[in-house]
Each structure stands twice: as structure tokens, then as C-alpha cells.
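These notes concern the structure reproduced below.
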Amino acid sequence: MNQPGSEPRAESTAPDGDTRPADFIRALIAQDLSTGKHSHVVTRFPPEPNGYLHIGHAKSICLNFGVAAEHPGSYCTLRFDDTNPAKESAEYMEAIKRDVHWLGFDWGSRLRHASDYFQHLHDWAVDLIRSDKAYVDSLSGDEIRAYRGTLTEPGRPSPYRDRPVEESLDLFTRMGRGEFDDGAHVLRAKIDMASPNLNMRDPIIYRIRKLTHHMTGDAWCIYPMYDFSHCLSDAIECVTHSLCTLEFEDHRPLYDWFLAQLDVPAHPRQIEFARLNLTYTVMSKRRLNELVAEGHVTGWDDPRMPTVSGMRRRGYRPEAIRDFCERIGITKKDAVIDMGLLETCVREDLDAVTRRVLAVLNPLKVIIDNYPEGHSEEIDAPYHPQKPEMGSRKLAFSGQLFIDRDDFMEDPPRKFFRLAPGREVRLRYGYIIRCNEVLKDPASGDVIALRCSYDPETRSGGAQSGRKVKGTIHWVSAAHAQPVQVRLYDRLFSVPDPGADKSQSFKDLLNPDSMRVVSQAWVESSLSKARPGDRYQFERQGYFCVDQPDPETGRTVFNRTVTLRDSWARLEKQGSQSPRRG
RNA sequence: UGGGCCGUAGCCAAGUGGUUAAGGCACCGGGUUUUGAUCCCGGCAUGCGUAGGUUCGAAUCCUACCGGCCCAGCCA
């Protein structure tokens, strides 16, 4: 039930054939299983529905659902941590469910909400008050902060700390009945105001929030805080291993404290791991939300966003994301993963499954003088060079073509293998052509077309098809090509760690070229069948995914998922002086 | 100056006292190629934050120091 499309790799295989758990969490779980502490494992993925899922969540999803899928009788539940109606919504909840499914995981019938447990949680809070382990505090927010002390100074007890149990009970009941305004009172656990761990200095466990909740409506006006709600929700679900990120490490003593005070059905073990950081992007919901709210991107699913929905629109497949999550590992080390690794995973995945087609993004007209006037022909071209089973399609060839301007240089450097005056190239799947003349705009001097000749013997599969030339370029027949819109996406930020410098806004570091729109590119005619979600490789350029049609022109839109690796571009960069363009 | 956690290559990451410190990404060579793609082959830490110590033997144990991250929401 919790199975992703492909077998998750639970264990790594050592050279001697030995298998050992893939990471420290799986090792701990394996131990709990082998000692008989547990017979199966129960995990949960607990998002707060206050934003869209990003690839950091994907790491957690792969871990939680993955671990469950690796052991018989085990499962992972999807539980919404919806204890703060001020920030949460049903829209986010739906988006999260869609994304988890898309990633390839299934919670089956185990969809839960912390709000499902509000009554139970409330009763436990009353138990705590009765046993003098919690009290209603009537200090203001500012006062509570002042009494809490600092990192180096202990806190002081609130004057209400020793309020009689009956009084707290009465006040808490009236809080729940809506007799007080927001902020008038809170319920606090009675632990230790002098603890070096600030989380233990009488943490607030209930606050008044007169808001409509997207699940419970107006049934409640007091809502539990995370620390109280989370451990108890885990306990109700008999979670065996509660996996969360490093910033909750300091909360673990509190997690365990609540479970020790109350009569609970289970005492889950909280284990923390490092959250995912990626270069050239930001990962906090707060920052992503800011980008959306201020219009720096078009939405949570903008293809430049590190969100699951953004990556989906960008053309990433869930297989690639899962592979990535597996490759980065699970540790407690604060790591920053190279965006290049994600891109490698995406390329590897797409290389195997994607059909290759021809498209010209920046057209330069090529006129083939010796090709029969008004004539055209069809060339059969395979969809994948290594996978004949993927079939082929017909390509129209004629005397008027478009090639990419990057594939021509009037005065090329030594290692340029493409078209130049007097030089030959092969047209992919077609003929070898020679450039005889460069046509320029007399006013601007810009190259506007190339007069070429073709060698009729060199057609793919023909007599001279084995003849070697240095380069092969892509092309389309001018009369047959379809106009489309292409969006070239690049990294969202222009520096590896946009969040590093706290003195300047990360938004000043946005990459101004993160999206370039080519409003009229030319694609081979077979692409008239392309539908949103379809993925292709544009040969020599990259992988592209069809988005919704452009509303203004109705044209098909192709989003660039990722470029192909380009060792020529790297060479070009290394040569200090960039060669002149044609 | 309190507490918690973390330091193995440019980036990840195995390794849990005993052969020459796995693997991946990146990078650098070379081969194949009608995608400068893919694929294949080779290279890439006398070194494990630093300094001492224990031991026949230390990335693994001990001590001290250095560096980084997190915590003072009625957020999660």
C-alpha cells in the first residue's frame, strides 16, 4: 500500500554481499525490530497545511513512507498538523494530498488530522491540570516572554503558577466556552522555569483563538500547541518512530515529558534528521510564501520553485525526485546539496524514457540551392538512438530550413564543429550540407540567411550516409514546422546560498534570467500531437515538458525541464575570450 | 557567557579499534557516437576539524581546543 513505483532500496549492498541499513534511522529501526521491541513499524508524515510541499518535504515523505514499505505489516499515515487555524486552509490540504500521491505514495485509509483528536487532547489537558502538572496563566504575552528568562538566565515563575487546581480547571473550562478574548489566558505545563532548555520553562499548551477551523468549524475556540498535540497524536496512532527534523531535537525532552505524565497507549520514539538544503534556492515555507505573495514567481507551482508542484510543471518525474532523495542519504549533518545532483537525477531519468525530437529556438534561415524547387520529402527518424522499441516518426525535409543561430559562426574558433562559410555539417537524420554564402542585412550587417548546397548521396541510410563530418546539428523544415512558445528556466537565484547573508534580503539575489520566454520557436510537425504533461528531449538542447497553452496565442507551450550536459559550452567558457557568434 | 546537535575530498556519504579510507555528484583524461548527449574506461583524501594521549595498531577510544547549526512564537 505504501509502495512507490519502484522498489525502495532499504539496504546498501557492500562489496562482500553483506547488507546493512542504509542510514542511521533505518539502523535504529532494524534494531528495535530485531530486539522485539516492535513487531512492525508505524510512521507518519505530518505536514501543516499552511503552504505547498517542497523537495525538503519529499525527503521526509520518502523516508517515512519508504521505511514503512520496507517492513511487513508496517504503514505510514498522512496526518495534517492543523492546530493553528490562523494559517491553515483546505486548499493547502488538497495540494499536499495531490503532491504526496504524485510522488508515488499511498496512505490508503490512513488519513488523519490533529484536529480529529481535539476532544482527546482537551481531556488530557484537563488530566494534567487535575494532577497539578498544568495551570492557567493570566499573564500577557509580553509578560510571559519576560518571565521566561534568556538563553543564559533562568526564568521566573509566573505569579499564577500556584493558582489552585480548581481555579485553573474553572478558567480552562471557561476559556473553552469562549468567555475570554484571545490572549487573556493560556494553559501552561508546570515543568521547570529554570531549565537550561527553554522548551521546558512551562511551555504553553493551549491558547485562545476565536477562529473558524477548516476542519472543525466553530466547535473550538481554544487550540493546542504543537508540542502538546504532536506527541499525543503520535501516541494515539501508536506511531513507533516519529521522524522529524533537527530543530525539534530540543523539543524531545518535552515530547517525552507529556507522554510520561499522561495515560497514553504508546510512547513513540522521536528521531531527528537534517533537513534538506539545496544550492541556488530557498527552502523555508516563509521565504517561498514571500516569493509567491510578492509576485516574484507566478505561484507555488511556478516551474522555478523548489516545490513538488513546481517541479511537476517543470517536467521532473517522481522517479527522479525519489532517486534524488535516496542518493542524498539521511544523516544529522547540516548539509547543502548541490543543485547539480538533482539535475543529474532528472537527466538520468528523462534520458531513459523520453522521445527525441527536433526544435529550433533561435532560427536562422538556410536555403538549399541545389534542392529541387518546391519539393519536399519524408525522412524516418527514430525517437531514441538506443531504444528502437520507442519507434520513429516522419520528418519533413525541404529546400528551406531553419537551424539554430548558435550552430553557425562566420569566423569560428578552431574547435567549432558546426556550420561556417565553406564548411560542412550533417543535418540530423538528413543530409550533409555546405555553407556557400552568408546573406546579410545591408543596413545592420546581421546575418539573415545562409545559402547552402546539399549532397544528395548522404541522406541517412543512403549510399554515402557513412561519410564523416565533424558536426551534426538539428533543424526543421521552414514550411512544415509549427510555431510554439518555449520557456527557458534557469536557477531561481544567482548565488549558491541566497539565505546566507542575513544583512541583505534573499530577494535581491533572484536570478534575473531565471525565465526567458521564446514566444516563437519552431518544432517539427509531429509535435502537433503534444499534450500538457508530455515530455520530450529537443535534441542537443534539453528536456522539455508541455504546459498549458499560451492563453493569448493558443500556442503550445514547452517548459525547459533541464538542459542537456553541454561540454561545448564549458569549453567556450574556459577559453577566456568568447568566440564571435554568427 | 546556558542548553542541544554536528565536523571524513569542491558537494553529499559509507566506515562503529586491525588488508592499500566504499560509493555517488562535480572535476580531469581517454574510447564509442549522425545529439559536443547517452554509454564505456581511467584518474581524483599517506588523509578523516586541530593538538595531545591510550594502544602492537586509531577516522573509530580518552582529553583539550577550534569551527558550524538550532533554541528566548500564545508558529510548526
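Values reported hereafter were calculated over all heavy atoms of this structure, with side chains retained and with hydrogens, waters and symmetry mates removed. A, B, ... follow the sequence lines: proteins, then strands. Residue 1 opens every chain.
U33(B): no Watson-Crick or G-U partner with both key distances under 3.5 Å is found in any strand. The base-pairing partner of G7(B), taking Watson-Crick or G-U wobble contacts with both distances under 3.5 Å, is C66(B). Pairing partner, A59(B): none, since no Watson-Crick or wobble contact has both distances short of 3.5 Å. Across all strands shown, A72(B) forms no Watson-Crick or G-U wobble pair with both distances under 3.5 Å. With both pairing distances under 3.5 Å, A13(B) is matched to nothing as a Watson-Crick or G-U wobble pair.
Between F558(A) and F538(A), the ring center distance clears the sub-6.0 Å criterion. In this structure, H230(A) has its ring center closer than 6.0 angstrom to the ring center of Y226(A).
L341(A) comes within 4.0 angstrom of the backbone, heavy atoms only, and of no base. At a threshold of 4.0 angstrom between heavy atoms, the contacts of T279(A) with the nucleic acid are absent. The residue F416(A) sits close to a base: some heavy atom pair falls under 4.0 Å. S229(A) comes within 4.0 angstrom of no nucleic acid atom, judged by non-hydrogen atoms across all strands. Within the 4.0 angstrom heavy-atom criterion, only backbone atoms of the sugar-phosphate kind lie near T344(A); the bases stay farther away. The residue I204(A) sits close to a base: some heavy atom pair falls under 4.0 Å. Nucleic acid contact class of L278(A) (heavy atoms, under 4.0 Å, all strands): none. When heavy atoms are screened at a 4.0 angstrom cut-off, R201(A) is found touching no nucleic acid atom at all. Note on I432(A): nothing from the nucleic acid sits closer than 4.0 angstrom, heavy atoms only. When heavy atoms are screened at a 4.0 angstrom cut-off, S140(A) is found touching base atoms of the nucleic acid.
Of the C1' atoms belonging to A9(B) and G47(B), the separation is 9 Å, rounded to the nearest Å. One P atom belongs to G15(B), the other to U35(B), and the distance between them is 42 Å to the nearest Å. Nucleotides G7(B) and G43(B) have their C1' atoms positioned 28 Å apart, rounded to a whole Å. Nucleotides A59(B) and A14(B), compared at atom C1', are 12 Å apart to the nearest Å. Across the C1' atoms, G24(B) and A64(B) are found 36 Å apart, a figure rounded to whole Å. Between the C1' atoms of C41(B) and A45(B), the separation comes to 22 Å (whole Å). Comparing U16(B) with U33(B), their P atoms sit 45 Å apart, to the nearest whole Å. As rounded to the nearest Å, U32(B) and A37(B) have P atoms that lie 14 Å from one another.
With hydrogens and angles ignored, a donor-acceptor pair closer than 3.5 Å exists between the side chain of D250(A) and the base of G3(B). Below the 3.5 angstrom threshold, one finds a donor paired with an acceptor across the side chain of R418(A) and the base of G36(B). In this model, no side-chain donor or acceptor of R540(A) finds a partner on the base of U35(B) within 3.5 Å. Between the base of U35(B) and the side chain of Q541(A) there is no donor-acceptor pair shorter than 3.5 Å.
Residue R148(A) places at least one side-chain N or O under 4.0 Å from the OP1 or OP2 atom of C74(B). Between R207(A) and A76(B), a side-chain N or O to OP1/OP2 separation shorter than 4.0 Å is present. Note on R570(A): a side-chain N or O is less than 4.0 Å away from OP1 or OP2 of C28(B). For the pair R145(A) and G73(B), the criterion of a side-chain N or O lying under 4.0 Å from OP1 or OP2 is met.
Side chains of D137(A) and H185(A): no donor on one and acceptor on the other come within 3.5 Å. Under 3.5 Å, the side chains of R459(A) and S465(A) contain no donor-acceptor pair of N or O atoms. Between Y52(A) and E91(A), the side chains place a donor N or O and an acceptor N or O closer than 3.5 Å (distance only, hydrogens not considered). D82(A) and H113(A) share no donor-acceptor pair across their side chains, judged by distance under 3.5 Å alone. Defined by atom type and a distance below 3.5 Å, a donor-acceptor pair is present between the side-chain atoms of E237(A) and Y117(A). The closest side-chain donor-acceptor pair between T472(A) and R540(A), if any, does not fall under 3.5 angstrom. Side-chain contact check for E424(A) and Y454(A): no donor-acceptor pair (N or O, by modelled atom type) lies under 3.5 Å.
Within the cation-pi definition used here (under 6.0 Å to the ring centroid, within 45° of the axis), R287(A) qualifies as a partner of F506(A).
For the segment residues 467-477 of chain A, residues with any heavy atom less than 4.0 angstrom from an atom of RNA chain B are, sorted by number, K468(A), T472(A). Near RNA chain B, meaning a heavy atom under 4.0 Å from it, residues 382-391 of chain A has P385(A), Q386(A) in order of number.
Taking a centre distance below 5.5 Å and an interplanar angle below 30 degrees as the stacking criterion, W568(A) stacks against the six-membered base ring of G36(B).
The side chain to side chain contact (heavy atoms under 4.5 Å, CB included) test with V239(A) is passed by exactly one of Q270(A), R44(A), R269(A): R44(A).
In this structure, the CD1 atom of I403(A) is 13 Å from the P atom of G36(B), given to the nearest Å. Here the C1' atom of nucleotide A76(B) and the CG atom of N84(A) are 8 Å apart, to the nearest Å.
Under the 90° criterion around 0 for the glycosidic angle, G73(B) counts as syn.
N84(A) has its side chain within reach of E48(A): a pair of non-hydrogen atoms, C-beta onward, lies under 4.5 Å apart.
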